[in-house]
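The residues of the chain are indexed from 1 along the displayed sequence.
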Amino acid sequence: MIYSENVWVCLAVPLLLTLFFLRDKARQFVLNFLLGMAACLLGAYVSGFVDAASGLGVEDTAIFISPVVEEAMKFLPLLFYFLMFDPDDDHLILAAVGVGAGFASFENICSMIVSGTESLGFLLIRGLAVGVMHIVSVFAMTMGLVIARRFQALRLSSTLGALSLSMLFHGVYNLLVSKSGVTSWIGYVLPLLTALMLFLALRRLRSEE
């Protein structure tokens with residue numbers, strides 16, 4: 001058992017102090033990184049409660065419950081930022097990347113504390129796969145918000161569709177890596193391929209502006 005909130009505090013305090021010395025986009029990134037860490041912590045609390053209340057078990061909770069909870073936790077601060085401040089696309093994407101990176105980093109740190117740090121290869125694979133997966137899923141949600149702003153008729157459907165797609169993508173990844181073997185390697189590669197496709201889509205979107 002680890003005390004995740006204590007880990008969060010130890011990581012958050014130095015980052016909070018940097019906010020006094022940073023400006024503009026650097027400050028925004030660090031702030032959203034902290035929000036991503038907080039979203040990870042809250043998501044763990046909610047998933048743990050559902051696990052205890054439903055009796056699904058750790059594996060079933062990770063596959064069926066955690067993707068829904070975690071993607072919703074990442075989406076809420078972005079939706080608030082989008083509705084309250086109406087940022088341009090670049091600032092919204094910057095916020096999304098910060099939230100995704102903070103979420104993935106905190107989850108990886110807690111996993112390392114529980115599982116140990118003996119196998120560097122496994123940690124590198126997990127760091128790449130989980131890190132990219134969380135950034136990809138939150139980036140997809142952000143693209144849904146960008147589309148919602150550009151096409152008012154699709155505002156609700158594009159937002160909910162992007163959120164649902166992120167939850168599905170996260171669930172498929174957790175399902176693939178839940179068992180060792182070929183499926184787990186497919187799961188590890190999936191976020192990297194998806195990140196490449198999203199990067200190409202973003203370039204095309206920017207070229208049309």
Side-chain angles (χ1 to χ4, degrees), residues 1-48 66-67 69-117 120 122-146 149 162-163 166 170 191-192 194-196 198-199 202-203 206:
M1 178 179 178
I2 65 171
Y3 295 93
S4 301
E5 61 277 5
N6 294 348
V7 177
W8 190 91
V9 169
C10 290
L11 294 172
V13 168
L15 293 173
L16 284 171
L17 292 176
T18 65
L19 296 178
F20 293 100
F21 303 95
L22 299 176
R23 298 179 61 185
D24 303 327
K25 289 186 177 181
R27 178 182 289 181
Q28 181 189 357
F29 180 83
V30 172
L31 180 59
N32 284 284
F33 191 93
L34 286 166
L35 289 174
M37 289 172 50
C40 183
L41 181 62
L42 292 175
Y45 284 150
V46 175
S47 296
S66 293
V69 173
E70 292 180 2
E71 297 307 319
M73 288 295 177
K74 286 187 287 185
F75 183 64
L76 289 177
L78 292 175
L79 182 63
F80 178 83
Y81 180 51
F82 176 76
L83 294 176
M84 295 301 296
F85 299 98
D86 191 27
D88 59 33
D89 292 351
D90 286 340
H91 281 86
L92 186 61
I93 291 172
L94 178 65
V97 172
V99 170
F103 195 105
S105 298
F106 187 72
E107 184 176 277
N108 279 336
I109 289 170
C110 291
S111 175
M112 288 169 59
I113 294 173
V114 172
S115 304
T117 58
L120 179 60
F122 172 77
L123 292 176
L124 287 174
I125 293 172
R126 176 179 170 81
L128 280 173
V130 173
V132 174
M133 185 272 293
H134 281 299
I135 294 175
V136 162
S137 63
V138 76
F139 186 84
M141 289 187 284
T142 307
M143 294 300 291
L145 294 177
V146 171
R149 176 159 49 199
L163 177 59
S166 296
H170 192 160
L192 295 172
T194 309
L196 177 61
L198 284 175
F199 174 74
L202 179 62
R203 286 189 59 183
R206 285 175 170 171

Peer 1: Given side chains that start at C-beta, do those of Leu35 and Asn32 come closer than 4.5 Å, heavy atoms only?
Peer 2: yes
Peer 1: Please name the pair of heavy atoms, one in Glu71 and one in Val138, separated by the smallest distance, quoted to 0.1 Å.
Peer 2: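 Smallest heavy-atom distance, with atoms named: OE1-N, 4.5 Å.
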Peer 1: Which atom pair, heavy atoms only, marks the closest approach of Thr142 to Ala96?
Peer 2: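 That closest heavy-atom pairing would be OG1-CB, 2.9 Å.
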Peer 1: Taking salt bridge (Lys or Arg N to Asp or Glu O under 4.0 Å) as the definition, give me every residue that meets it alongside Glu70, ordered by chain and number, with sequence neighbours left out.
Peer 2: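 So Glu70 forms no salt bridge (Lys or Arg N to Asp or Glu O under 4.0 Å) with any residue.
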Peer 1: For Ala104 and Val130, which heavy atoms make the closest approach, and how far apart are they?
Peer 2: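 Ala104 and Val130 have their closest heavy atoms at CB-O, 4.0 Å.
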Peer 1: Salt bridge (charged side-chain N to carboxylate O under 4.0 Å, His left out): which pairs involve residues 28-38, sequence neighbours left out?
Peer 2: none
Peer 1: Under the side-chain contact (heavy atoms from CB on, under 4.5 Å) rule, collect the residues that match up with Ala12, sequence neighbours excluded.
Peer 2: Trp8, Leu34
Peer 1: Applying salt bridge (charged side-chain N to carboxylate O under 4.0 Å, His left out), which residue pairs with at least one partner in residues 93-103 are found, sequence neighbours left out?
Peer 2: none
Peer 1: Write down the atom of Gly131, the atom of Asn108, and the distance for their closest heavy-atom approach.
Peer 2: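 Taking every non-hydrogen atom into account, N-ND2, 4.4 Å.
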Peer 1: Checking Leu79 now: which residues fulfil side-chain contact (heavy atoms from CB on, under 4.5 Å) with it, not counting sequence neighbours?
Peer 2: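 Testing Leu79 for side-chain contact (heavy atoms from CB on, under 4.5 Å), a comparison that skips the adjacent residues, returns Phe75, Leu83, Leu145.
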Peer 1: If the condition is ring pair (Phe, Tyr, Trp, His ring centres under 6.0 Å), which residues does Phe85 pass it with, not counting sequence neighbours?
Peer 2: Tyr81
Peer 1: Which atom pairs, donor and acceptor, lie under 3.5 Å between side-chain atoms of residues 13-27 and protein residues at least two apart or in another chain?
Peer 2:
{"from": "Thr18", "atom 1": "OG1", "to": "Leu15", "atom 2": "O", "distance (Å)": "2.5"}
{"from": "Arg27", "atom 1": "NE", "to": "Leu19", "atom 2": "O", "distance (Å)": "3.1"}
{"from": "Arg27", "atom 1": "NE", "to": "Leu22", "atom 2": "O", "distance (Å)": "2.9"}
{"from": "Arg27", "atom 1": "NH2", "to": "Leu19", "atom 2": "O", "distance (Å)": "3.0"}
{"from": "Arg27", "atom 1": "NH2", "to": "Leu22", "atom 2": "O", "distance (Å)": "2.8"}

Peer 1: Which residue pairs satisfy the salt bridge (charged side-chain N to carboxylate O under 4.0 Å, His left out) criterion with at least one member in residues 94-115, sequence neighbours excluded?
Peer 2: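 For residues 94-115, and leaving out neighbouring residues, the salt bridge (charged side-chain N to carboxylate O under 4.0 Å, His left out) pairs sorted by first residue read Glu107-Arg126.
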Peer 1: For His134 and His170, take the angle between the two ring planes, folded into 0 to 90°, and tell me which bin it lands in: parallel under 30, tilted 30 to 60, perpendicular over 60.
Peer 2: perpendicular
Peer 1: Holding to side-chain contact (heavy atoms from CB on, under 4.5 Å), I want the full list of residues that pass it with Ala162, two or more places apart in sequence or in another chain.
Peer 2: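 With sequence neighbours excluded, Ala162 shows a side-chain contact (heavy atoms from CB on, under 4.5 Å) to no residue whatsoever.
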Peer 1: Would you say Ser47's side chain and Ala44's backbone share a donor-acceptor pair under 3.5 angstrom?
Peer 2: no
Peer 1: Taking the side chain as every heavy atom from C-beta outward, state whether Phe106 and Val7 have any pair of such atoms under 4.5 Å apart.
Peer 2: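 When only atoms from C-beta onward are counted, Val7 and Phe106 do touch, with a gap below 4.5 Å.
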Peer 1: Kindly write out the residues that satisfy salt bridge (Lys or Arg N to Asp or Glu O under 4.0 Å) with Asp86, not counting sequence neighbours, or none if the list is empty.
Peer 2: Arg149
Peer 1: How long is the straight-line distance from CE of Met143 back to CG of Asp89, given to the nearest 0.5 Å?
Peer 2: 8.0 Å
Peer 1: List the residues meeting side-chain contact (heavy atoms from CB on, under 4.5 Å) with Ala195, not counting sequence neighbours, and say none if there are none.
Peer 2: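 Partners of Ala195 under the side-chain contact (heavy atoms from CB on, under 4.5 Å) test: Val132, Val136.
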Peer 1: Just to verify, what does Asp88 make a side chain to side chain donor-acceptor pair (under 3.5 Å) with, not counting sequence neighbours?
Peer 2: His91
